[in-house]
Amino acid sequence: YSTTFLVANGANASKTFTLTPSVSGGAAILIANVTVNGGNDQLTLAANASATVTVTYIVANVAAGTSTTVTLAVADNAAPLTVNDSDTHT
């Protein structure tokens with residue numbers, strides 16, 4: 001399975017971000033990969049640019065109707081304030 005997140009740089013200068021995926025909600029999910037244009041956990045964006053980040057994950061055997069939340073934390077390497085975006089897989 002995979003889910004995508006849109007990461008945007010609203011600043012007037014280029015920035016590099018560290019991307020950290022996580023899961024919550026109790027379902028048995030393992031983060032397998034984070035992909036940004038063929039890369040991994042670092043993303044550099046030009047001023048006012050954006051990019052799609054794909055988080056790939058593996059779901060173990062769970063009961064039907066079980067849900068969990070996959071969250072992507074995005075931290076600016078120059079000023080590590082964290083902004084979260086999330087997607088729920090059921």
Side-chain angles (χ1 to χ4, degrees):
Y1 297 93
S2 65
T3 190
T4 58
F5 298 87
L6 181 65
V7 178
N9 175 15
N12 292 325
S14 176
K15 291 187 175 274
T16 299
F17 301 95
T18 298
L19 310 173
T20 308
S22 62
V23 294
S24 62
I29 290 185
L30 171 66
I31 300 294
N33 194 15
V34 178
T35 305
V36 183
N37 298 330
N40 51 22
D41 67 345
Q42 296 289 308
L43 172 63
T44 299
L45 291 173
N48 299 305
S50 61
T52 300
V53 175
T54 301
V55 176
T56 305
Y57 55 96
I58 299 165
V59 179
N61 281 336
V62 293
T66 300
S67 67
T68 193
T69 301
V70 177
T71 301
L72 181 67
V74 180
D76 180 347
N77 288 359
L81 297 174
T82 300
V83 177
N84 290 322
D85 189 6
S86 64
D87 183 52
T88 301
H89 172 77
T90 302

My understanding is that only one of T3, V55, V53 makes a side-chain contact (heavy atoms from CB on, under 4.5 Å) with P21; could you say which?
V55
Which pairs count as salt bridge (Lys or Arg N to Asp or Glu O under 4.0 Å) when at least one residue sits in residues 43-54, sequence neighbours excluded?
none
Decide yes or no for F5 and T54: does some side-chain heavy atom of the first lie under 4.5 Å from some side-chain heavy atom of the second?
no
Provide the full list of salt bridge (Lys or Arg N to Asp or Glu O under 4.0 Å) pairs with a residue in residues 1-19, sequence neighbours left out, each pair given once.
K15-D76
Are L72 and V70 close enough that some pair of their side-chain heavy atoms sits under 4.5 Å apart?
no
Side chains of residues 43-51: which donor-acceptor partners sit under 3.5 Å, not counting sequence neighbours?
from : atom 1 : to  : atom 2 : distance (Å)
T44  : OG1    : T16 : OG1    : 2.9

